[in-house]
Amino acid sequence: MEYNFKEIEKKWQEFWRAHNTFVAPNHSSKPKYYVLDMFPYPSGSGLHVGHPLGYIASDIYARYMRHRGYNVLHPMGFDAYGLPAEQYAIQTGTHPQITTYKNIDRYRVQLDKIGFSFDWSREVRTSDPHYYKWTQWTFIQLFEHWYSNKTNKAEPIAELIKTFAAEGNKGLDATCTECDIFSAGDWNSWNEQQQQEALMNYRLAYLSDTWVNWCPDLGTVLANDEVKDGLSERGGHPVERKLMKQWSLRITAYAQRLLDGLKELEWTESLLEIQKHWIGRSEGASVNFSIKGHDKVLEVFTTRPDTLWGATFMVLAPEHEWVEEITAPDKKDEVMAYVEMAKNRSERERVAEVKKISGVFTGAYGINPANGEEIPIWIADYVLMGYGTGAIMAVPAHDSRDFAFAKHFKIPIIQVVAKEGEQSSEPAGWDDSYDAKEGVMINSGFISGMPVKDAIRATIDKLEKDNIGFGSVNFRLRDAIFSRQRYWGEPFPVYYKDGMPYMLDVSELPLELPEVDKYLPTESGEPPLARAQNWVNKDGYPLETNTMPGFAGSSAYYYRYMDPNNDKEYFSKEANQYWQDVDLYIGGDEHASGHLIYARFWSMFLFDIGLACKEEPFKKLINQGKIQGRSNFVYRLQGSNTFVSLNLIKDYNTSPIHVDINMVDNDVLDQDAFRSWRPEFKDAEFILEDGKYICGWEIEKMSKSKHNVQNPDELIEKYGADTLRLYEMFLGPLEHHKPWDTKGIEGVFRFIRKLWRLYHDNDGTFMITDEDPNAAELKILHRTIKKIREDIERFSFNTAVSTFMICVNELSDLECRKKQILEPLAVLIAPYAPHIGEELWHQLGHENTLTYSAYPEWDGKYLVEESFLYPVSFNGKLRFKLEFPLDMSREEIEKAVLESEEAQRWLENKPPKKVIVVPKRIINVVI
RNA sequence: GCCCGGAUGGCGGAAUUGGUAGACGCGCUGGUCUCAAAAACCAGUUUCUUUUAGAAGUGCCGGUUCGACCCCGGCUCCGGGUACCA
């Protein structure tokens, strides 16, 4: 009987479920290991073969660690809030909960069929009130804390109130919204509302008027990481800028820690790089420029204070609050027109017009503090309100944007840095600015002659001494906008009294998502929750109508898995002490600037308030590559129903049409399937080559419209889950993006059957002997164990599959049926192909699962070689091979090589110049 | 533009520390078994040449080295991130 994967896989999946094989206890004497996958958003189209790639890898590792004696936490859950279910609700009226839960059920069935070793007793769903209770709880904690730069952590607002009452906010070093200095007297004289307003500037979750990315088509605001090229990441809808009252999280308080924390993480270089960029730390100085005729000082941030002498103008962002005030009366119309234009432009237009130079002169002048020169103040949209102070000193000689601007508007350009050993030249003649990171200062007063680095230091010292500036650091990272004007998300635990927001009491959580009649904004433009009946707190005050964004629920789900059914707290201290942090996290790199920043921030905050014992949640992270689609095409002869095979199309006028990849095998079209695919192709004719219709192909995104989606279900039906698991790993390195192609799956399927036949005769009878293995068999086994262990340790799963193939090929050649060889092999392969592993283990006479059996160890004594077959090269070119004992000395080998018959041919009686002998590697003769 | 990653047969890929380039698998070619097919098995498969052998060869050009897919310098192309971030 052949290997019956359908029966066997079903049997073991049921066994695992019935015996709770993968349930991990929170109390164990074993060491812990936490393997996490990025939990999926359950979309309506189910899993395609790209989704399980990372899950298979993590499952192999989780199973491997169980074999090695670890208590392995390997949970799975669902990111259950999200736009698609809500968009569907808007169209059909179906509650997003119904759609989402239906999709989750489908995902669960699909996941189970692949044989994952998840501990489903720990499943979380972000839309479940038992779960989001703690998302809301965290929000309250964020609201009740502020960030002290002195202690460098989050501190309770209650303490801050005491400080304000005793000494005002003067000496306070906090990360906060810019606000006026007030005294204890001021504070104590204020009413509740005034005090609350002052506190709002400090809270880590705060409500403020913010410039947001407003997406009219989705009817909501988006975070910076949800916007790409001026379009929404989901759906590609245009985004505009809008000033709105929104909740934000003061993630910028953690910018430096988020940056520093990266150092200890075992993440890929590219991921660390993306995060570094996103945080975007720049060192420089704040410099105050006074404005002629005003008693205001304009603060700018520059990374190059040394170039102060070259600052020939200043630029304000169009949204800068002083634009109107400083503009000269005769320039008002022009300036306001420009500001209006800049404000109304969509984000998309702004991005598209980046190269266009535009701006307007305000008629005002700033005073360059370096030399007392009056320099014009311009308004231009190349200066962004959100970075630094929204105002810059422009140094056209040494900044390309300033240079282009100065040339365009004919503003003077002064060179202040020259290359070491070079003379200055006339900047008016330059093609571009000289963005000098190194060089020597010129035309710069007391710093002239200094190298750039020293000049920066000296300038900052001088600025600080004169009290007109100071060394400062700026981050690109912005506070995270946390409000969404959508229905399907966590409700904020917030009510409003006299227009001021207050938190619900923790005992009132969870604040459950109310029912609404429609999932659309109200007629007056309020979010969908405004439609809810009685959306008020227990005292009748109105509740917040915004909901939280997608990243709220995914920012700490990895902690909740540690203690998922805890009703009293987020997770217990004991559970957290035991599981600590995620040892291995596998997921896509599309979350580099979103989820992975927010989750780290969230974790740091939970650390600060004493809940989590680790600051960084994800010790090691691997990005599995995306599986791309591989589309197939047929070529229709223009204006006909005739299709031309790929290699003949050059002779015809054809147009390509996507065909479903399920009716194509090795790029050969199943013509009958094609004819019955769609009515219009019923009478299709084909122009064939070698009697076959060959399809063209292209690598594209996997999508329904391109007919290139491959579901795992079909493949499991045909080949079984073990084959699918091995094949996905065999495709190539885990981290690589790669096109999906079923071409090679037959080979893996053959391998699985060949493995089965090692243990069974042609009739399917189990045939294992107790005979002692010979040296050759032991060598194969131990070499395989060694290589498999090394490969798993370095997450090289593709080469591990090859190694199994080599092992099975060799044992088949030897017709080895010995228990001492084949029993360890069954355990060895079980993490990869768990069903066949369990079945063989069972047939070998074991009653229980092999999940917790020790992983085989290799013993070097079986691998000792006595001799080595040396490749012998002449001038680096391989000529022949010679075998020598391993204990032979270099001198003896050299002598033997030179005396050998083959060598004589190449030496042609000339003495060699040099002979290199690298033991166990190579011999190279130089002539 | 800037930053990161990559390029190896017809295809996916291997070569872990500078030491036999192309493991393993697909595909293809030929064969065994069979009435036939499936399955399985065996042999071959980087390219070129004057084929018992030789030459070239890891995107291109150059360098270091006894020896380079691997290190260095300069390019080309592809993928990703980011983009008036002062």
Side-chain angles (χ1 to χ4, degrees), chain A residues 2 228-229 268-278 280-282 284 300-304 307 315 317 350-351 353-357 380-384 386-395 399-402 404-405 474-478 589-590 592-593 623 625-626 628 666-667 697 699 726-727 730-733 735-739 741-748 750-751 753-754 757 762 787 790-791 793-794 796 798-806 809 812 869-881 912-916 918 920-927:
Chain A
E2 268 292 320
K228 295 255 140 73
D229 301 323
T268 56
E269 205 47 52
S270 75
L271 201 60
L272 294 172
E273 206 59 39
I274 292 170
Q275 292 231 331
K276 256 183 230 164
H277 262 122
W278 196 259
R281 182 184 205 271
S282 329
V300 304
F301 174 73
T302 175
T303 53
R304 294 297 299 277
T307 61
V315 187
R350 196 188 63 79
V351 170
E353 288 171 11
V354 154
K355 293 265 140 53
K356 262 198 205 160
I357 295 164
D381 62 358
Y382 82 89
V383 173
L384 305 176
Y387 186 77
T389 59
I392 63 158
M393 62 176 220
V395 183
D399 179 281
S400 60
R401 296 152 307 179
D402 297 346
F405 194 85
N474 240 292
F475 292 94
R476 207 190 77 122
L477 186 74
R478 311 287 158 79
D589 61 3
E590 64 271 22
S593 52
N623 292 123
K626 262 195 216 64
Q628 298 145 311
N666 274 320
D667 292 336
W697 58 273
I699 304 304
L726 285 168
Y727 183 58
F730 191 56
L731 235 35
E735 306 90 324
H736 285 195
H737 299 294
K738 50 220 157 194
D741 195 341
T742 42
K743 254 187 196 170
I745 197 166
E746 292 280 350
V748 174
R750 255 170 237 159
F751 158 75
R753 281 178 296 174
K754 195 164 179 177
R757 284 201 307 274
N762 288 336
K787 174 85 168 117
E790 286 167 358
D791 283 351
E793 293 292 345
R794 64 191 177 105
S796 177
N798 55 326
T799 53
V801 177
S802 300
T803 303
F804 282 123
M805 288 175 169
I806 293 166
N809 287 344
S812 298
L869 185 63
Y870 282 92
V872 183
S873 303
F874 283 76
N875 290 343
K877 288 196 180 86
L878 175 69
R879 294 303 174 186
F880 54 87
K881 290 176 185 176
K913 278 194 196 132
K914 199 172 175 185
V915 180
I916 289 125
V918 186
K920 267 192 100 174
R921 290 234 187 260
I922 201 171
I923 296 161
N924 191 19
V925 183
V926 187
I927 49 175

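Here is how names work: the chains are called A, B, and so on, in the same order as the sequence lines, proteins then strands, and each is numbered from 1. None of these values were measured; they are calculated from a predicted model.
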Side chains of [X] and [Y]: closer than 4.5 Å at any heavy-atom pair?
X: Val926(A); Y: Val915(A); result: no
X: Thr803(A); Y: Glu790(A); result: no
X: Phe804(A); Y: Asp791(A); result: no
X: Asp402(A); Y: Met393(A); result: no

Between [N] atom [atom2] and [X] atom [atom1], what is the distance in whole Å?
X: Ile745(A); N: rC26(B); atom1: CD1; atom2: P; answer: 12 Å
X: His277(A); N: rC2(B); atom1: NE2; atom2: C1'; answer: 7 Å
X: Arg281(A); N: rA86(B); atom1: CZ; atom2: P; answer: 13 Å
X: Leu878(A); N: rA55(B); atom1: CG; atom2: P; answer: 11 Å
X: Gln275(A); N: rG5(B); atom1: CD; atom2: P; answer: 17 Å
X: Arg879(A); N: rC66(B); atom1: CZ; atom2: C1'; answer: 15 Å

Using a 4.0 Å heavy-atom cut-off across all strands, classify [X] as base, sugar-phosphate, or nothing.
X: Asn875(A); result: nothing
X: Val918(A); result: base
X: Lys356(A); result: base
X: Pro739(A); result: nothing
X: Asn924(A); result: base
X: Ser282(A); result: sugar-phosphate
X: Ile274(A); result: sugar-phosphate
X: Leu731(A); result: sugar-phosphate
X: Val383(A); result: base
X: Lys881(A); result: base
X: Arg757(A); result: sugar-phosphate
X: Glu273(A); result: sugar-phosphate
X: Lys787(A); result: base
X: Asn798(A); result: sugar-phosphate

Mind checking the [atom1] distance from [N] to [M]? Whole angstroms is fine.
N: rG63(B); M: rG12(B); atom1: P; result: 32 Å
N: rG81(B); M: rG13(B); atom1: C1'; result: 26 Å
N: rG22(B); M: rC71(B); atom1: C1'; result: 22 Å
N: rC61(B); M: rU76(B); atom1: P; result: 15 Å
N: rG10(B); M: rC28(B); atom1: C1'; result: 8 Å
N: rG25(B); M: rU32(B); atom1: C1'; result: 23 Å
N: rU17(B); M: rG27(B); atom1: P; result: 33 Å
N: rA21(B); M: rC69(B); atom1: P; result: 8 Å

Applying side chain to side chain donor-acceptor pair (under 3.5 Å) to Tyr870(A) and not counting sequence neighbours gives none
Closest of rG27(B), rA86(B), rC24(B) to the Thr302(A) side chain is rA86(B)
Between Arg750(A) and rC26(B), does any side-chain N or O lie under 4.0 Å from OP1 or OP2? yes
Contact under 4.0 Å: Lys754(A) side-chain N or O vs rC41(B) OP1/OP2: yes
Assigned chi class of rG9(B) under the 90° convention is syn
TODO: Return the 5'-most residue of the pair Thr799(A), Asp741(A) with respect to RNA chain B, ranking by each residue's nearest nucleotide.
DONE: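 Going by which nucleotide is closer to the 5' end, it is Asp741(A).
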Judged by nearest nucleotide, the residue sitting upstream toward the 5' end of RNA chain B, Ile922(A) or Lys877(A), is Ile922(A)
Any donor-acceptor pair under 3.5 Å from His736(A) side chain to Gly625(A) backbone
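No, because the side chain of His736(A) does not come within donor-acceptor range (under 3.5 Å) of the backbone of Gly625(A).
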For RNA chain B, the dot-bracket notation using Watson-Crick and G-U wobble pairs below 3.5 Å, [ ] for pseudoknot-type crossings and | for other-strand pairs, is (((((((..(((......[....)))((((((.......))))))((((...))))..(((((..]....))))))))))))....
Scanning both residues in full, the closest heavy-atom pair of Phe475(A) with Tyr387(A) reads O-CE1, 3.5 Å
Note: Leu271(A) and Asp589(A) closest approach over all heavy atoms is CD1-CB, 4.3 Å
With side chain to side chain donor-acceptor pair (under 3.5 Å) as the criterion, how do Lys754(A) and Asn809(A) come out once you've worked through the C-alpha distance, each side chain's angles and the decisive distance to 0.1 Å? CA-CA 8 Å; Lys754(A) 195 164 179 177; Asn809(A) 287 344; 2.9 Å; yes
- Task: Confirm from the modelled atom types if Lys276(A) and rU82(B) form a donor-acceptor pair under 3.5 Å, side chain to base only.
- Result: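 In this structure, the two groups form no donor-acceptor pair.
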Just do the side chain to side chain contact (heavy atoms under 4.5 Å, CB included) check on Phe751(A) and Tyr727(A) with the steps written out, would you? CA-CA 10 Å; Phe751(A) 158 75; Tyr727(A) 183 58; over 6 Å; no
